[in-house]
Amino acid sequence: MSCFAGYRVFRVVLGFFGFVLGALLTSSVMGTDQTVWMIVAAVVGGIVGALILVGAYFVGVALIGAGVGALVVNLVWAALGREPHIVVVILFAIAGALAALALQRYVIITSTSFGGAWTTIVGALALAGDKLAVEAAARNGVWLAYPMNPAPGQRWVIAAWLVLGLVGVVVQLGITAKGKK
């Protein structure tokens with residue numbers, strides 16, 4: 001849904017991801033031996049996260065841009081086999097946030113298309129029994145929501161992600177987001 005109709009349902013997508021981020025953040029504070037309180041914290045944190053992102057539509061767009069900026073700098077540095085300095089990450093995040101606000105409609109369409117495509121691919125790999133994707137889904141580490149490389153050594157995953165993401169952009173620009181401002 002996010003991949004092909006993300007712009008049309010952006011507030012729902014913001015609410016969903018706000019819930020997930022809020023749940024991840026609050027449940028990470030709780031000890032793993034306190035199951036009931038971890039669930040309560042995850043639900044409450046999820047609801048608060050959803051309300052924050054839905055209520056702060058423009059902040060959500062800026063956060064997506066900042067996240068994309070941080071992701072880009074981390075991917076470039078990872079390709080070089082290093083980690084970026086925090087100042088570089090902050091600068092890329094700020095640049096991404098400003099660009100996202102300037103190009104809001106296209107940022108929403110692109111981010112929901114590629115984010116939805118990645119989630120679809122990782123989910124499909126987990127359902128197909130891919131060991132890394134299944135382990136990531138079953139892992140107790142709440143900060144690892146899905147792997148950045150679910151199929152090491154299989155370049156077709158990146159190609160499939162790019163193709164599915166581009167198809168999502170085309171569908172949204174041509175059908176689902178057409179005429180919606």
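- With hydrogens and angles disregarded, no donor-acceptor distance shorter than 3.5 Å links the side chain of Thr112 to the backbone of Cys3.
- Put simply, the side chain of Trp161 never gets that close to the backbone of Ile121: no donor and acceptor are under 3.5 Å apart.
- At distances below 3.5 Å, not a single donor-acceptor pair connects side-chain atoms of Gln104 with backbone N or O atoms of Val61.
- Taking both residues in full, the closest heavy atoms of Ala117 and Gly165 are given as CB-N, 3.6 Å, listed atom of the first, atom of the second, then distance.
- What you find for Ser113 and Gln172 is that their closest heavy atoms are OG-NE2, 2.9 Å.
- Taken to the nearest 0.5 Å, the CD1 atom of Ile52 stands 13.0 Å off from the CZ atom of Phe19.
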Show the numbers, then the answer: is there a side-chain contact (heavy atoms from CB on, under 4.5 Å) between Val9 and Phe16?
-> CA-CA 11 Å; Val9 296; Phe16 173 75; over 6 Å; no
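- Here the side chains of Phe114 and Leu166 are in contact, with some heavy-atom distance below 4.5 Å.
- Among the candidates Leu164, Ile175, Val170, Val169, the single residue satisfying the side chain to side chain contact (heavy atoms under 4.5 Å, CB included) test with Phe4 is Leu164.
- Summarising the geometry of Ile108 relative to Gly6, their closest heavy-atom pair is CG2-O, 4.4 Å, with the distance given to 0.1 Å.
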Go through the steps for Val157 and Trp118 under the test side-chain contact (heavy atoms from CB on, under 4.5 Å), then give the verdict.
-> CA-CA 9 Å; Val157 171; Trp118 190 252; 4.1 Å; yes
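- Val171 and Leu173 fall within the same hydrophobic cluster, where Ile, Leu, Val, Met, Phe, Trp and Tyr residues are linked whenever their side-chain heavy atoms come under 4.5 Å apart, directly or through other members.
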Does the side-chain contact (heavy atoms from CB on, under 4.5 Å) test come out yes or no for Thr110 and Arg105, once each step is laid out?
-> CA-CA 9 Å; Thr110 304; Arg105 179 175 194 259; over 6 Å; no
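- Scanning all heavy atoms of the two residues, the minimum distance from Phe17 to Leu53 falls at C-CD1, 4.2 Å.
- When every heavy atom of Ala100 is checked against every heavy atom of Val107, the shortest pair comes out as CA-CG2, 3.5 Å.
- Residues Thr26 and Val44 are not in side-chain contact: their nearest non-hydrogen atoms beyond the backbone lie 4.5 Å or more apart.
- Between the CD1 atom of Ile64 and the CG atom of Leu101 there is a distance of 10.5 Å, given to the nearest 0.5 Å.
- Trp156 and Ile158 fall within the same hydrophobic cluster, defined by Ile, Leu, Val, Met, Phe, Trp and Tyr side-chain heavy atoms under 4.5 Å apart, directly or through other members.
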side-chain contact (heavy atoms from CB on, under 4.5 Å) assessment of Arg82 paired with Trp77 = CA-CA 5 Å; Arg82 302 181 329 185; Trp77 259 255; 3.4 Å; yes
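- Side-chain heavy atoms closer than 4.5 Å link hydrophobic residues (I, L, V, M, F, W, Y) into clusters, and following such links, even through other members, never connects Leu51 to Leu63.
- Note on Val73: it does not cluster hydrophobically with Val87, by side-chain heavy-atom contacts below 4.5 Å among ILVMFWY residues.
- Of all heavy-atom pairs between Ala50 and Gly15, the closest is CB-O, 3.3 Å.
- Under the 4.5 Å side-chain heavy-atom criterion for ILVMFWY residues, no single connected hydrophobic cluster contains both Val40 and Val43.
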